[in-house]
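Data first, discussion second: the structure below is written as structure tokens.
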Amino acid sequence: MSNYYDSKDLRKFGDITEWSEELGEKFFDYYGKVFEDGALTAREKSLIALAVAHTEQCPYCIDAYTKDALQRGVTKAEMMEAIHAGAAIKGGASLVHGVMMMNKVNKLDG
């Protein structure tokens with residue numbers, strides 16, 4: 001294996017039920033329900049999942065939801081915009097935690 005992540009492992013995702021069948025099945029039941037049409041369409045949820053896959057930096061999820069989004073008619077521009085929205089939130093979340101540092105510095109300087 002030339003890198004840590006092996007794309008063939010994505011096909012083994014369903015195998016997680018082997019060592020904990022009950023919990024694995026419950027997870028997949030839940031997972032399947034989450035991605036059904038509801039208040040949001042399955043297409044919209046796929047786009048959200050693609051953005052989250054990037055903020056979580058999960059290569060398996062990026063692979064799966066890039067394919068899923070394309071199959072659901074999501075355009076390249078929509079995908080990139082969603083990724084930028086996720087990146088903006090991730091960056092903002094990191095920066096807003098700077099307030100904690102500022103509070104600590106002010107307390108120590110006090």
Side-chain angles (χ1 to χ4, degrees):
M1 180 167 37
S2 63
N3 60 50
Y4 186 76
Y5 294 102
D6 185 346
S7 61
K8 292 182 228 142
D9 285 341
L10 181 56
R11 292 180 289 221
K12 298 176 186 174
F13 187 33
D15 296 347
I16 65 166
T17 60
E18 287 180 12
W19 293 1
S20 181
E21 187 173 349
E22 180 184 0
L23 292 176
E25 287 177 5
K26 286 179 188 234
F27 170 77
F28 284 118
D29 287 345
Y30 167 75
Y31 193 86
K33 277 296 205 192
V34 165
F35 285 96
E36 290 177 358
D37 282 331
L40 297 172
T41 66
R43 182 185 187 277
E44 291 167 326
K45 291 176 184 183
S46 182
L47 194 53
I48 291 167
L50 181 63
V52 171
H54 282 79
T55 63
E56 292 301 308
Q57 300 176 333
C58 174
Y60 302 116
C61 301
I62 292 168
D63 183 311
Y65 282 98
T66 298
K67 290 175 187 172
D68 188 71
L70 285 171
Q71 290 170 348
R72 294 182 187 283
V74 176
T75 67
K76 292 184 242 180
E78 289 171 320
M79 284 188 243
M80 189 55 73
E81 193 168 320
I83 292 167
H84 277 283
I89 294 299
K90 184 90 170 185
S94 296
L95 290 171
V96 76
H97 278 80
V99 172
M100 295 172 71
M101 177 270 304
M102 293 166 71
N103 290 341
K104 184 68 173 183
V105 168
N106 288 335
K107 192 175 195 177
L108 293 171
D109 278 351

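With hydrophobic clusters built from ILVMFWY side chains whose heavy atoms lie under 4.5 angstrom apart, Tyr31 shares a cluster with Ile16.
With a 6.0 Å radius and a threshold of 12 heavy atoms from other residues, nucleotides or ligands, Ile89 has its CD1 atom at or below the threshold. Remark: Glu36 CD is packed, more than 12 non-hydrogen atoms of other residues, nucleotides or ligands lying under 6.0 Å away.
Side-chain contact between Val74 and Leu50 is absent, with no heavy atoms from C-beta onward closer than 4.5 Å. When side chains are defined from C-beta on, Val52 does not count as touching Tyr65, because their heavy atoms never get closer than 4.5 Å. Met80 has its side chain out of reach of Lys76: every pair of non-hydrogen atoms, C-beta onward, lies at least 4.5 Å apart.
For the atom pair CD1 of Ile62 and CD1 of Ile83, the computed distance is 7.5 Å after rounding to the nearest 0.5 Å. Rounding to the nearest 0.5 Å places CG of Leu108 at 11.0 Å from CG of Asn103.
Looking only at distances, a side-chain donor or acceptor of Asn106 sits under 3.5 Å from a matching main-chain atom of Met102.
Contact detail for Met79 and Leu70: the closest heavy-atom pair is CE-CD2, 3.2 Å. In terms of heavy-atom proximity, Thr75 sits nearest to Arg43 at N-NH2, 4.2 Å. Nearest heavy atom pair, residue Cys61 against residue Ala53, reads CB-CB, 3.5 Å. When all heavy atoms of Phe28 and Gly14 are compared, the closest pair comes out as CZ-CA, 3.8 Å.
A salt bridge is defined here as a Lys NZ or Arg NE, NH1 or NH2 lying under 4.0 Å from an Asp or Glu carboxylate O, and Arg72 with Glu78 fails to meet this definition. Salt-bridge formation is not detected for the pair Lys26/Asp29: no Lys NZ or Arg NE/NH1/NH2 atom is positioned less than 4.0 Å from an Asp or Glu carboxylate oxygen.
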